[in-house]
2 protein chains.
Amino acid sequence: MDRQECDSLFQRHGVKSTPNRIIVAEALSEASQPVSLSELEEKIVSIDKSGIFRTLSLFKDHHLVHVIDDGSGSVRYELCHSEDGHDDDQHIHFYCEVCRRTFCLSEIPVPEISVPQGYEVTSTNFVLHGICPECSRK
Amino acid sequence: MDRQECDSLFQRHGVKSTPNRIIVAEALSEASQPVSLSELEEKIVSIDKSGIFRTLSLFKDHHLVHVIDDGSGSVRYELCHSEDGHDDDQHIHFYCEVCRRTFCLSEIPVPEISVPQGYEVTSTNFVLHGICPECSRK
DNA sequence: ATCTTCCTGCAACCCGGTTGCAAATGCAGA
DNA sequence: TCTGCATTTGCAACCGGGTTGCAGGAAGAT
């Protein structure tokens, strides 16, 4: 994602462009897997933890990223792929208990669940735990 | 759950019975919803946080409870209902963003997912977020 | 240039979870 | 019953992710 794509992304989501935000957005887009705050801290040495955190929070509020809680103890962030303001690109994630990485199973949509009367669903968090192909081969 | 049921439960799961463990097991069985460590701390004033924690860890290792990460920042515990040693009573949970309670949607089983070749699934965590009937009525 | 607002870094804090350690308890064998 | 060992427990301290208060700095408006 180059500078221009970034700005257009921000504009679509109503986020003002700043140098830090561009750096964070690029780091997110480069990641092949959902990343945690601490991973971003390591990757982006130029920005303070709190800055990254606030940027992520802002992105989250503007539906630019979505949040996955894989049960590893730290939350992970992933760029939304849907272009409209809503997270309709929810998919299942897989957390490997051996290498502790989280994978997007992008192909698999979250199954539709018919909830009991009265419940109103706004988002879903569906994480499978187990062993990834790479680790189970060993 | 009375004392005797407790002991039999422990025996089935290979857990030695101690006073503390009985107290924790009873607290879990009395809860209508999955409970967090801090909730148990409030409920069980006679046992130290670390004791409750260790008891829960032990229960988890012996498949006496299962763990739900509802994304609220603290993990919740729930007595397993299946009597064999394995967690085959997985079901969906609902986290209300207003009252911050977690509900078991016991009726709804976790849908079977066919994962890509190579992935080996050991457990699932499926949590819906939204507003519960009680809160949406207001 | 000045004012105001927003953005940022720093340091401190909060809280859930976890561990080391030593005292207490339980249990087996003499 | 006494002794020695293993397990359980409480206490205090720690850890790490997440979060916030504050003050300095940049950006935009008047």
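The figures that follow rest on heavy atoms only: side chains count, while hydrogens, waters and symmetry mates do not. Chain A is the first sequence line, chain B the second, and so forth, proteins listed ahead of strands; every chain is numbered from 1.
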Can you give the donor-acceptor pairs under 3.5 Å from side chains of residues 99-114 of chain A to other protein atoms, not counting sequence neighbours?
residue	atom	partner	partner atom	Å
A/R101	NH2	A/E134	OE1	3.2
A/T102	OG1	A/D70	OD2	2.4
A/T102	OG1	A/R76	NE	3.3

Please output the side-chain donor-acceptor pairs of residues 25-37 of chain B that fall under 3.5 Å, not counting sequence neighbours, one pair per line with the distance.
residue	atom	partner	partner atom	Å
B/S29	OG	B/E26	O	3.3
B/S36	OG	B/S38	OG	3.2
B/S36	OG	B/E39	N	3.2

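Looking at residues two or more places apart in sequence or on another chain, you find a side-chain hydrogen bond (donor to acceptor under 3.5 Å, both in side chains) between B/S8 and B/R12. With sequence neighbours left out, the side-chain hydrogen bond (donor to acceptor under 3.5 Å, both in side chains) criterion links A/D7 to A/R3, A/S17. Looking at residues two or more places apart in sequence or on another chain, you find no ring-ring contact (aromatic ring centres under 6.0 Å, His included) involving A/F53.
As a whole-Å value, the separation of B/L58 CG from D/dT8 P is 7 Å. Remark: P of D/dG17 and CD of A/E39 are 10 Å apart, rounded to the nearest angstrom. One can place CD1 of A/I52 at 12 Å from P of D/dG18, the figure rounded to the nearest angstrom. We find that CZ of A/F59 is positioned 13 Å from C1' of C/dC7, with the value rounded to whole Å. For the pair B/F10 CZ and D/dT8 P, the computed distance is 12 Å after rounding to whole Å. Atom CD of B/E41 and atom C1' of D/dA12 are 14 Å apart (whole Å). Nucleotide C/dC15 holds its C1' atom 17 Å from the CG atom of B/L40, rounded to whole Å. With rounding to whole Å, B/I47 atom CD1 is found 14 Å from D/dT8 atom P.
For B/Q11, the CD atom counts as loosely surrounded, since its 6.0 Å shell holds 12 or fewer non-hydrogen atoms of other residues, nucleotides or ligands.
Looking at B/T18 and B/N20, their side chains never bring a donor and an acceptor atom within 3.5 Å of each other.
At least one side-chain nitrogen or oxygen of B/T18 sits closer than 4.0 Å to the OP1 or OP2 atom of D/dT9.
Nucleic acid contact for A/S46: sugar-phosphate only, since backbone atoms but no base atoms lie under 4.0 Å from a heavy atom of the residue. Among the heavy atoms of the strands, none lies under 4.0 Å from A/T55.
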Look for any protein N or O under 3.5 Å of an N or O in nucleotides 19-29 of chain D and output each such pair with its distance, or none.
residue	atom	partner	partner atom	Å
D/dG21	O6	A/R54	NH2	2.9

